[in-house]
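Data block below; observations after.
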There are 2 protein chains.
Amino acid sequence: MDIISVAIVEDNHDIRQAMELLINGSEGYACIGAFNNAENGLEKIPQLLPNVVLMDFNLPGMNGIECIARLKGEFPDMQFMMLTVYEDDDKIFMALEAGASGYILKKTSPGELLDAIRDLHEGGSPMSSQIARRVVAYFQKQAKPNPALEALTSREKEILDQLSKGFLYKEIAGNLFISIETVRRHVHNIYEKLHVRSRTDAVNKYFNR
Amino acid sequence: MDIISVAIVEDNHDIRQAMELLINGSEGYACIGAFNNAENGLEKIPQLLPNVVLMDFNLPGMNGIECIARLKGEFPDMQFMMLTVYEDDDKIFMALEAGASGYILKKTSPGELLDAIRDLHEGGSPMSSQIARRVVAYFQKQAKPNPALEALTSREKEILDQLSKGFLYKEIAGNLFISIETVRRHVHNIYEKLHVRSRTDAVNKYFNR
DNA sequence: CTTTTTATAACATTTTGGTGTTATGTCATT
DNA sequence: AATGACATAACACCAAAATGTTATAAAAAG
């Protein structure tokens, strides 16, 4: 069982110290750095190269998201755990996009925190199942295509797909072995069915935006 | 503590019966239907209206994904748990897009299965942290914007954003209080920097496609 | 003093809107 | 089996609008 090296970025002194004590007092874990703001973390973490970084959301100056994004860009293998009191969708997605792989709440018990750190280090994404639901919901929202697209014939969908790839009319005509006039006709019908007046609007509907 | 009604769709007779026995033998759970294929499930589940449906992936005839998608469309509040042996990204994303909110492996222990059912019913998304990592990775993949966009000046980004929304040049000119000729110029510069020759291609780069 | 933003002007190309035609296949009803 | 109604898919022409290219250059910002 290897030792997991951990760094902490957390502005609250008590919480920071408590986590440091917890980690250093547990076998298999070592806290090799603890910082009270993002700027200090950004400066020192590149030298320490911890396996796992626990990051607070709200920090004085640069916030935790930005700090993760910068470090993750430089050290893609470093694992980041967002540690926060927030359960909003926005905050969750921002953290994940920035490169956090774990997202747990501060009220998490010491034992669970240690488990989560190990889990993260071993390739999991520890998060509560409530938070997982938010992430899943985001997927499901993205998935459903615009119902107006269903009204298109299969040929029209094909044309729309070509439009979305930026082909000129004459290129579409060539690709589908039809005349440019036919392409125009189809495009016209597509616009009518989608209630749009330009290629860009049609493509936006196609991609559900 | 209310009783959670569960339906099962699973073609393997032994597994199906074992799950039925487990659920009916546990306080707070009731298995109100068990089906050996998707077609039977689709027919009966609308009358049973269970709180939770456990769905196998591979079924003879229609697969479990399709079955979930159809039922979820009709009953958005019904909760679906994918129960499978597969850990591939494709299968996971297909299940989530179809409307499954939980995704657990068949090797999961009876006790954990019951916990997962309750968790799902109470608004969580039970999944192993390995599977959560796949979902999170998908997020992170999507997030990184095209670096070529960074070469654009802030004004150019503004113009590109307007382009992406489908505005005509003259509308963009009106929105930004500049002349249409200036819009033309900016668009031209944007195209050069992004190495594209059309609005659609530029917008596709903007949205990272 | 370089980059960015703004502006003109002339031009070619592409796209869009409007109004047609022809052929084919499906489907429900006669 | 024949009919009519309707959808799809293909092709055509004209005019107008929008987009893309090129060249040139002057404020504004840093």
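Numbers restart at 1 for each chain; the letters A, B, ... are given by sequence-line order, proteins then strands. Only this structure's heavy atoms are used, side chains among them; waters, hydrogens and symmetry mates stay out.
Residues A:Glu156 and A:Arg185 are not paired through a salt bridge, judged by the lack of any N-O separation under 4.0 Å between the basic side chain and the carboxylate. Between A:Glu66 and A:Arg70 there is a salt bridge, with a side-chain nitrogen of the basic residue lying less than 4.0 Å from a carboxylate oxygen of the acidic one. Under a 4.0 Å N-O distance rule, the pair A:Asp201/A:Arg197 does not qualify as a salt bridge.
Here the two rings, on A:Phe207 and B:Phe207, have centers that are 6.0 Å apart or farther.
Taking the C1' atoms of five terminal pairs at each end of the helix from C:dC1-D:dG30 to C:dT30-D:dA1, the two resulting helix axes are inclined by 50°, rounded to 10°.
With a heavy-atom cut-off of 4.0 Å to chain B, the contacted part of DNA chain C has its first and last nucleotide at C:dT4 to C:dA9.
For the atom pair CG of B:Leu163 and NE2 of B:His186, the computed distance is 11.0 Å after rounding to the nearest 0.5 Å.
The main-chain N or O of A:Leu96 is found under 3.5 Å from a side-chain atom of B:Gln140 such that the two form a donor-acceptor pair. Although no hydrogens or angles enter the test, the distance criterion places a donor-acceptor pair under 3.5 Å between the side chain of A:Ser125 and the main chain of A:Ser101. Judged by distance alone, with hydrogens and angles left aside, the side-chain atoms of B:Asp11 form no donor-acceptor pair with the main-chain N or O of B:Leu59 at under 3.5 Å.
The aromatic rings of A:Phe93 and B:Phe139 sit parallel to each other, their planes meeting at less than 30°, with 60° as the upper class boundary.
A:Lys193 comes within 4.0 angstrom of sugar-phosphate atoms only, judged by non-hydrogen atoms across all strands, and of no base.
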Detail all sub-3.5 Å separations between protein N/O atoms and N/O atoms belonging to nucleotides 10-20 of chain D.
| from | atom 1 | to | atom 2 | distance (Å) |
| --- | --- | --- | --- | --- |
| D:dA10 | OP1 | A:Arg155 | NE | 3.3 |
| D:dA10 | OP1 | A:Arg155 | NH2 | 2.9 |
| D:dA10 | OP2 | A:Arg155 | NE | 2.8 |
| D:dA10 | OP2 | A:His186 | NE2 | 3.1 |
| D:dC11 | OP2 | A:Ser179 | N | 2.7 |
| D:dC11 | OP2 | A:Thr182 | OG1 | 2.8 |
| D:dC11 | O5' | A:Thr182 | OG1 | 3.4 |
| D:dC13 | N4 | A:Glu181 | OE1 | 3.2 |
| D:dC13 | N4 | A:Arg184 | NH2 | 2.7 |
| D:dC14 | N4 | A:Arg184 | NH2 | 3.0 |
| D:dA18 | OP1 | B:Lys170 | NZ | 3.4 |
| D:dA18 | OP2 | B:Lys170 | NZ | 3.0 |
| D:dT19 | OP1 | B:Arg199 | NH1 | 2.8 |
| D:dT19 | OP2 | B:Tyr169 | N | 2.8 |
| D:dG20 | OP1 | B:Tyr191 | OH | 3.0 |
| D:dG20 | OP1 | B:Arg199 | N | 2.8 |
| D:dG20 | OP2 | B:Tyr169 | OH | 2.3 |
| D:dG20 | OP2 | B:Tyr191 | OH | 2.6 |
| D:dG20 | N7 | B:Arg184 | NH1 | 3.1 |
| D:dG20 | O6 | B:Arg184 | NH1 | 3.0 |

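Side-chain contact check for A:Gln162 and A:Asn175: at least one donor-acceptor pair (N or O, by modelled atom type) lies under 3.5 Å.
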